Amino acid sequence: MAGQKTADTAETVRTLTLSKSINEGLRRALSDNEKVVLMGEDIGDLGGVFRVTDGLKAEFGPSRVIDTPLAEAGIIGTAVGLAYRGYRPVCEIQFDGFIYPGFDQIVAQVAKLHARTSGDVRMPMTIRVPFGGGIGSVEHHSESPEAYFAHTAGLRVVSCSNPQDAYSMLRQAIASDDPVLFFEPKRRYWMKGEVNLEQTPERSLSSARVLTSGTDVTLVTYGPLVPTAMDVAAAAAEDGISVEVIDLRSLQPVDFDAVVASVRVTGRLVVTHEAQRFAGLGAEIAATITERCFEYLEAAPERVTGFDTPYPPAAFEDQFLPDLDRILDAVDRAMGRRNSLSDWRFDG
């Protein structure tokens with residue numbers, strides 16, 4: 001029996017890239033529910049520009065894995081009709097910056113129909129969005145538009161950061177009766193990790209995850225910057241600073257209880273994301289934690305973000321994106337080791 005258990009485990013636990021984990025999540029969803037359909041540009045024969053849907057059209061056919069015209073408004077609009085008829089469409093937006101032609105459909109129809117019909121209509125749609133920089137590309141291929149959608153009532157917004165979450169969270173998103181924006185950190189597509197294909201999700205889709213315990217500073221992030229945050233925690237530990245890293249996972253709703261519990265221990269908060277600073281997720285998190293933890297804070301919350309400019313040419317993206325040094329500087333400021341006012345203009 002022990003040998004059989006080991007064999008079963010070996011079959012269900014595999015080392016996969018993040019992109020392959022998403023592929024497996026889509027395959028499982030298609031297998032489990034005949035109402036699941038995939039839609040997107042070049043997702044069929046090509047398997048998507050990042051090959052995330054590779055092999056799925058051959059396995060499930062062109063009526064389940066649908067190559068669409070280059071028209072994001074048409075993709076989302078068609079998915080709205082399918083959801084109305086009881087299907088569970090999964091739309092792929094080829095690159096983050098290509099989502100804007102479909103913006104009206106998402107914020108005016110997808111997000112509103114459940115409330116508009118007094119709950120009679122559900123929109124069980126998942127919209128997959130490869131997002132963020134770090135791949136040497138340009139604007140419309142390296143953007144972080146998540147705050148637009150987190151601001152829109154009626155949408156769930158989530159972002160995975162590792163292969164297991166990519167697989168489990170995608171399956172939860174597709175099974176949800178709510179519309180979900182599923183942001184995938186494209187520069188982490190090739191990151192590998194162990195994935196249990198039969199594991200029941202450990203937490204709800206809206207729950208954050210504490211990745212490292214710490215007592216000095218709470219470092220909050222999501223998606224592509226989670227591995228960077230882990231590197232920050234390791235580097236800070238060498239300097240005697242204990243950093244607690246929180247992966248938000250859900251950007252709407254935010255698991256503020258997890259962040260509050262951490263900040264009440266550490267007394268300090270640093271938030272980092274690739275999107276621009278002004279009106280970004282970091283601003284909302286900093287404001288809410290200030291409201292809920294004012295008497296616990298030892299320093300003002302720090303934000304380390306992209307700059308308030310259009311995404312730069314690829315040669316300059318390393319200066320635009322938050323990195324280990326910029327986040328460590330913010331940790332030092334939170335600890336009172338650097339002057340926040342004199343350094344503010346440089347921290348994003």
Side-chain angles (χ1 to χ4, degrees), residues 12 14 16 18-69 71-94 99 102 105-106 109-111 113-114 121-130 149 154-160 163-184 189 195-201 204-206 250:
T12 59
R14 298 164 56 189
L16 302 174
L18 191 147
S19 62
K20 182 62 175 175
S21 299
I22 295 170
N23 179 279
E24 290 293 339
L26 293 171
R27 175 176 285 106
R28 182 63 177 267
L30 287 162
S31 298
D32 288 349
N33 190 339
E34 64 180 10
K35 293 295 186 179
V36 173
V37 294
L38 312 188
M39 305 169 59
E41 300 161 4
D42 299 318
I43 69 167
D45 293 332
L46 182 64
V49 293
F50 295 103
R51 305 300 186 266
V52 171
T53 55
D54 189 42
L56 298 180
K57 180 180 177 181
E59 186 172 348
F60 296 98
S63 64
R64 304 280 308 281
V65 182
I66 304 166
D67 276 318
T68 67
E72 284 74 18
I75 294 170
I76 303 300
T78 301
V80 168
L82 286 168
Y84 240 111
R85 300 295 294 178
Y87 288 86
R88 292 183 176 271
V90 182
C91 305
E92 177 182 296
I93 303 298
Q94 197 170 77
I99 200 168
Q105 290 282 3
I106 295 171
Q109 307 301 333
V110 175
L113 279 165
H114 183 64
V121 172
R122 305 305 298 250
M123 283 284 111
M125 293 173 52
T126 302
I127 303 172
R128 294 181 41 243
V129 188
F149 303 103
L155 299 175
R156 286 182 177 267
V157 184
V158 302
S159 181
C160 58
Q164 181 66 64
D165 270 356
Y167 175 77
S168 299
M169 290 172 65
L170 182 60
R171 291 188 59 196
Q172 288 175 294
I174 296 171
S176 173
D177 285 335
D178 298 320
V180 180
L181 272 292
F182 193 88
F183 283 93
E184 303 167 5
Y189 271 150
V195 179
N196 187 334
L197 300 177
E198 299 300 329
Q199 176 178 296
T200 300
S204 74
L205 191 59
S206 58
S250 176

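All heavy atoms count here, side chains included; hydrogens, waters and symmetry mates do not. Positions are given from 1 along the sequence. Please read all numbers here as calculations on a predicted model, not as lab measurements.
Looking at every heavy atom in both residues, Cys91 comes nearest to Ala79 through SG-CB, 3.5 Å. The two residues Cys160 and Glu184 have their closest heavy-atom pair at SG-CA, 4.4 Å. Of all heavy-atom pairs spanning Met123 and Ala83, the tightest one is CE-CB, 3.8 Å. The minimum heavy-atom distance linking Ile75 with Gly40 is given by the pair CD1-CA, 4.3 Å. When all heavy atoms of Gln172 and Pro201 are compared, the closest pair comes out as NE2-CB, 3.5 Å. Closest approach of Asp54 to Asn23, counting heavy atoms only: O-ND2, 3.0 Å.
Residues passing the ring pair (Phe, Tyr, Trp, His ring centres under 6.0 Å) test with Phe149 are Phe103, sequence neighbours excluded. Remark: Phe183 engages Phe131 in a ring pair (Phe, Tyr, Trp, His ring centres under 6.0 Å) (not counting sequence neighbours). For Phe50, the ring pair (Phe, Tyr, Trp, His ring centres under 6.0 Å) test picks out Phe95, Tyr189, with sequence neighbours left out. For Arg64, there are no side chain to side chain donor-acceptor pair (under 3.5 Å) partners two or more places apart in sequence or in a different chain. Evaluation of the side chain to side chain donor-acceptor pair (under 3.5 Å) rule for Ser206 yields Ser204 as partners, not counting sequence neighbours.
Met125 is not listed as a side-chain neighbour of Val90, based on a closest heavy-atom distance of 4.5 Å or more. Inter-residue side-chain proximity for Ile127 and Met39 is flagged as unmet; no heavy-atom pair is nearer than 4.5 Å. Residues Gln199 and Tyr167 form no side-chain contact, since every pair of their non-hydrogen atoms from C-beta on lies 4.5 Å or further apart. Two residues are said to be in side-chain contact when any heavy atoms from C-beta on lie closer than 4.5 Å; Ile174 and Asn33 fail this criterion.
In this structure, Ser21 OG and Leu197 CG are separated by 8.0 Å, a value rounded to the nearest 0.5 Å. We find the OG1-CZ distance between Thr126 and Arg156 to be 11.0 Å, quoted to the nearest 0.5 Å. Taking CG of Asp32 as the start and CZ of Arg27 as the end, the distance is 12.5 Å to the nearest 0.5 Å. The CG atom of Leu155 sits 9.5 Å away from the CG atom of Asp178 when rounded to the nearest 0.5 Å. Between the CD atom in Glu92 and the CD1 atom in Ile66 there is a gap of 13.0 Å [rounded to 0.5 Å]. Distance OG1/Thr68 to CG/Leu38: 11.5 Å, rounded to 0.5 Å.
A donor-acceptor pair is defined here as one N or O able to donate and one able to accept, closer than 3.5 Å; such a pair exists between the side chain of Thr78 and the backbone of Gly74. No donor-acceptor pair closer than 3.5 Å links the side chain of Asp42 to the backbone N or O of Gly48. Listed for the Arg122 side chain is no donor-acceptor partner under 3.5 Å among the backbone atoms of Gly86. Remark: side-chain polar atoms of Asp67 are not paired, donor with acceptor, to backbone N or O of Glu41 under 3.5 angstrom. Judged purely by atom type and a 3.5 angstrom limit, Gln164 uses its side chain to pair as donor or acceptor with the backbone of Asn196.
With a 6.0 Å radius and a threshold of 12 heavy atoms from other residues, nucleotides or ligands, Tyr87 has its OH atom at or below the threshold.
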- Dump the intermediate steps for side-chain contact (heavy atoms from CB on, under 4.5 Å) on Arg88 and Asp177, then the final yes or no. CA-CA 9 Å; Arg88 292 183 176 271; Asp177 285 335; 2.6 Å; yes
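With respect to Phe60, the side chain to side chain contact (heavy atoms under 4.5 Å, CB included) criterion is satisfied by exactly one of Leu30, Val36, Leu26: Leu30.
Screening residues 44-53 for side chain to side chain donor-acceptor pair (under 3.5 Å), with sequence neighbours left out, gives Asp45-Lys57.
Between Arg171 and Glu24, none of the side-chain N atoms (NZ, or NE/NH1/NH2) sits under 4.0 Å from a carboxylate O, so this pair counts as no salt bridge.
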